[in-house]
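To start, the structure itself, in structure tokens.
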Amino acid sequence: MKLSIIGTGYVGLVTGTCLSEMGNKVSCIDIDEDKINNLKNNIISIYEPNLKEMVKDNQAKKNLFFTTNYKKALDNSDICFIAVGTPMNNDGTTNLDYVYDVALKIAKNMSKNMIIVVKSTVPVGTTEKIKDIIHRELRKRNIDLNFDIIFNPEFLKEGNAVNDFMRPDRIIIGGGSSKTKETIKELYSSIVMNHDRFIFMDIKSAEMTKYASNAMLATRISFMNEIANICEKTGANIKNVRIGVGSDKRIGYDFLYAGCGYGGSCFPKDIRSLIKTAEKNDYSSILLSSVEEVNENQKNVLFNKIIERFGDDLSKFTFTVWGLAFKAETDDVRESFSLKLIEKLISKGAKIKAYDPKAIDSFKEIFKNKNNIKYFSNKTDALKDSDALILLTEWKEFRHLDFEDLSLNLNKRIIFDGRNIYNRTFIEENGFELYQIGC
Ligand SMILES: NC(=O)c1ccc[n+]([C@@H]2O[C@H](COP(=O)([O-])OP(=O)(O)OC[C@H]3O[C@@H](n4cnc5c(N)ncnc54)[C@H](O)[C@@H]3O)[C@@H](O)[C@H]2O)c1
């Protein structure tokens, strides 16, 4: 099939590349000229396992194209995906400017009938508004073109995005005529060959499903963080509690890890957006507000442990931070816990030595405080002359500690583990103090 994907961020680039891998002809459009020029040369601005190789391979096969030219791309498309960002406004509502701008550009440039697929996460009712914008503009152009629009949320996880796209748990399709549904089913059939994973519903329910899914996952995280804090007060161990709770088939083990709070480009903004949608409809979501509040409080837990151990004045201390990305296998630092913790430590006078396998450049772009932080290209160099190691991202290379390296380089044998990945007995047997969350 001939497709265009608008927006070449995490979702757009993964969607376009994976669909080109299946033999479709895909044009990816972005307004960022540098990004497009880089992509044409197989330079990818994000780190996502396997993605770079697939982009290179499919450009070489002439299945995948990158352009800033809407008209050229749409002239060659039967289906057009909208995958631009929907960031949070200062008041917590969703900024839909990019999505509406794309709607207008599609309407101004389309020259044939097509199916429009909204993949960006948008509040309930937005897909209908996109439809209205396109209708209005087509009327202005006095041109007789038909289009159908569906909402098809994306559930990929950064760090495993290609795999998630290729092996989805479900494909949700909101709205669409029966002909559209058949076409979309055909498009995705190659990735869901062995199992019918399609769920069809109305547009509004599909829009809500995306928010409700993220809200459920965030709720599990905040719930476990709350239980972890109670564990600390009572002497219980959250790691044991997780195993005990997760073994109930009705509950399951996933998303039951206590830590420093959820972050990333989706959960914080999507929970906020859902709270705002509820408010707009005269409903106050007590549960979601609490999920958010627990998460905000959780961001202080590790910081408070550091202050308790080293005192309120950190000007004599240097800390090594391992991990800047909001989670492993990505270089995304949007709403990463590392930003907040490092800022707070520096505000207390601390010096930071930071290392991340992939996220140093993206961290530097966002983190404005350039004094008192040094970046290192390997984890051992970052340890030299520090007073403690602070683990913030669960990259595989941090799983097993080299105690000889640690002892040789650190001034003090202290580890703060913000992800609960280390075994207390083992760490303490090797002569280190260990601080974790809820255990
Ligand atoms: N990142 C994730 O893990 C994830 C997962 C599921 C859903 N989502 C949702 O998918 C959407 C996209 O997220 P993302 O993380 O890929 O965003 P992103 O910020 O990484 O990328 C958005 C891209 O859209 C481009 N863009 C903006 N306006 C444009 C326009 N008018 N025309 C063409 N391109 C334009 C930007 O230049 C950028 O490259 C959001 O709604 C997000 O909530 C994201």
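This chain uses plain numbering: 1 for the first residue, then up along the sequence. In listed order, ligands and their atoms are each counted from 1.
Remark: side-chain polar atoms of R419 are paired, donor with acceptor, to backbone N or O of L392 under 3.5 angstrom.
Using a 4.0 Å cut-off to heavy atoms of G9, the atoms of ligand 1 that qualify are 16 (O), 18 (P), 20 (O), 21 (O), 23 (C), 39 (O). Of all the atoms in ligand 1, the ones that sit under 4.0 Å from a non-hydrogen atom of K35 are 38 (C), 39 (O). Close contacts between ligand 1 and K269 involve ligand atoms 42 (C), 43 (O) [criterion: under 4.0 Å to a heavy atom].
For ligand 1, the polar-atom distance check against Y98 finds no nitrogen or oxygen pair separated by under 3.5 Å. Checked by distance only, ligand 1 and R334 come closer than 3.5 Å through their nitrogen or oxygen atoms. Looking at D270 next to ligand 1, no N or O pair under 3.5 Å apart turns up. At under 3.5 Å, a nitrogen or oxygen of D30, whether backbone or side chain, sits near a nitrogen or oxygen of ligand 1. Backbone and side-chain nitrogen or oxygen atoms of V11 are examined, and one is located within less than 3.5 angstrom of a nitrogen or oxygen of ligand 1.
For R170 and F198, the positive end is not near the middle of the six-membered ring at less than 6.0 Å and at most 45° from its axis. With a 6.0 Å cutoff to the six-membered ring centre and a 45° limit on the axis angle, K344 counts as a cation-pi contact of F303.
Side chain to side chain, D164 and N160 meet the donor-acceptor criterion of an N or O pair below 3.5 Å. For D202 and S205, the side-chain atoms include at least one donor-acceptor pair closer than 3.5 Å. N152 and K119 share a donor-acceptor pair across their side chains, judged by distance under 3.5 Å alone.
Among all non-hydrogen protein atoms, the one lying nearest atom 31 (N) of ligand 1 is D101 OD2, 3.0 Å. Ranking protein heavy atoms by distance to atom 22 (C) of ligand 1, first place goes to G85 N, 3.6 Å. With hydrogens left out, the protein atom closest to atom 2 (C) of ligand 1 is E158 OE2, 3.4 Å, a heavy atom.
Between A73 and I29, the shortest heavy-atom distance links the atoms CB-CD1, 3.5 Å.
Between P168 and F155, every side-chain heavy-atom pair lies at or beyond the 4.5 Å cut-off.
When non-hydrogen atoms are compared, ligand 1 lies under 4.0 Å from the backbone of S120 as well as from its side chain.
Heavy atoms of E33 stay at 4.0 angstrom or farther from ligand 1.
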